[in-house]
Amino acid sequence: DLKMAGLLKNANIVRINAGGAGSASATPTKATILDMSGYQSVMFIAEFGNVLDTSVVSLKAGVSDTNDTLTMTLLTDFPTGTAGASTYDDKLVILDVPKVDKRYIEAQVFHVTADAPFDSVLAIQYNPTTVPVTQGSTVVNSATALD
């Protein structure tokens, strides 16, 4: 039964941003735009490094009918917070979008007031229209361990 084949056969895992310095700015760091054809849902995971005290960190998503960062409309619900001395250090910020109503979606990492360096942003596209899912080019190797 393919539905019981594990997450690798039921989701597409993509590294959509290799990370960056997260220099304090009102301009977000934008990840690679994802084509949601074949998937209903996506979860974004931002992996942070040594985030400076007072940095305002948000993980947002923009959606559009076209593959163009200039046409993205930001969704209104997103995780946001202000870092303390070490509250965001080496932690994850996650945004789940269970129902994507446009073809394209873009994760945007906001780092305002102080630097918020991050290691990468991952996307897990799930609720596929066809299974099994074959992993894309950002996954170099994978396996499902069976008992």
Side-chain angles (χ1 to χ4, degrees), residues 2-3 5-52 54-83 86-145:
L2 291 176
K3 290 290 185 184
L7 191 58
L8 278 174
K9 299 295 183 187
N10 288 286
N12 185 40
I13 304 162
V14 184
R15 185 175 182 183
I16 55 173
N17 193 295
S23 300
S25 172
T27 303
T29 300
K30 296 181 177 186
T32 301
I33 296 171
L34 281 177
D35 185 344
M36 290 300 294
S37 294
Y39 299 92
Q40 297 176 36
S41 312
V42 64
M43 177 183 286
F44 296 113
I45 304 169
E47 304 172 289
F48 284 90
N50 183 19
V51 177
L52 299 184
T54 73
S55 181
V56 179
V57 177
S58 302
L59 179 57
K60 300 182 182 183
V63 294
S64 179
D65 288 322
T66 59
N67 186 356
D68 182 354
T69 191
L70 298 176
T71 64
M72 293 291 164
T73 301
L74 288 176
L75 301 177
T76 56
D77 294 325
F78 54 88
T80 189
T82 302
S86 62
T87 54
Y88 276 68
D89 292 358
D90 303 315
K91 301 286 192 312
L92 305 175
V93 174
I94 299 172
L95 173 60
D96 191 11
V97 186
K99 180 67 176 147
V100 179
D101 62 354
K102 301 285 185 184
R103 178 165 176 184
Y104 298 98
I105 191 164
E106 176 184 63
Q108 300 182 10
V109 180
F110 286 77
H111 26 76
V112 183
T113 310
D115 294 355
F118 58 98
D119 300 326
S120 70
V121 180
L122 303 175
I124 301 173
Q125 292 173 294
Y126 63 102
N127 288 328
T129 55
T130 305
V131 290
V133 170
T134 301
Q135 297 303 310
S137 63
T138 64
V139 176
V140 69
N141 203 344
S142 64
T144 300

Looking at every heavy atom in both [X] and [Y], which two are closest together, and how far apart are they?
X	Y	result
Ala24	Asp115	N-OD1, 2.9 Å
Lys91	Ser86	NZ-O, 4.4 Å
Tyr126	Ala11	CB-CB, 4.2 Å
Asp68	Leu70	OD1-N, 2.9 Å
Asn10	Val133	C-CG2, 4.0 Å
Val112	Ser25	CG2-O, 3.5 Å

Original post:
Should the ring pair Phe48 and Tyr88 be called parallel, tilted or perpendicular, given that the plane angle runs from 0 to 90° and is split at 30 and 60?
Top reply: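 Plane angle over 60°, so perpendicular.
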Original post:
Under the side chain to side chain contact (heavy atoms under 4.5 Å, CB included) test, which residues partner Val139, sequence neighbours left out?
Top reply: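 If we apply the side chain to side chain contact (heavy atoms under 4.5 Å, CB included) test to Val139, skipping adjacent residues, the hits are Gln135, Ser142.
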Original post:
Tell me, do Phe118 and Thr29 make a side-chain contact under 4.5 Å, heavy atoms counted?
Top reply: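 Yes. Closest side-chain heavy atoms under 4.5 Å.
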Donor-acceptor list for residues 33-46 side chains, cut-off 3.5 Å, not counting sequence neighbours:
| residue | atom | partner | partner atom | Å |
| --- | --- | --- | --- | --- |
| Asp35 | OD1 | Ser37 | N | 2.9 |
| Asp35 | OD1 | Ser37 | OG | 2.8 |
| Asp35 | OD1 | Arg103 | NE | 3.0 |
| Asp35 | OD2 | Arg103 | NE | 3.3 |
| Asp35 | OD2 | Arg103 | NH2 | 2.8 |
| Ser37 | OG | Arg103 | NE | 3.0 |
| Ser41 | OG | Pro98 | O | 2.5 |
| Ser41 | OG | Asn127 | ND2 | 2.8 |

Original post:
Looking just at side-chain N and O atoms, do Thr66 and Ser64 make a donor-acceptor pair shorter than 3.5 Å?
Top reply: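 Present: a donor and an acceptor within the cut-off.
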Spatial distance of atom [atom1] ([X]) from atom [atom2] ([Y]) [nearest 0.5 Å]:
X	Y	atom1	atom2	value
Thr138	Ile16	OG1	CD1	9.5 Å
Leu8	Ile13	CG	CD1	5.5 Å
Asp90	Glu47	CG	CD	10.5 Å
Ile105	Thr73	CD1	OG1	11.5 Å
Leu59	His111	CG	NE2	10.5 Å
Glu106	Leu75	CD	CG	11.0 Å

Please answer whether the main-chain N or O of [Y] pairs with a side-chain N or O of [X] as donor and acceptor at a distance below 3.5 Å.
X	Y	value
Ser58	Lys60	no
Asn17	Ser120	no
Ser55	Val57	no

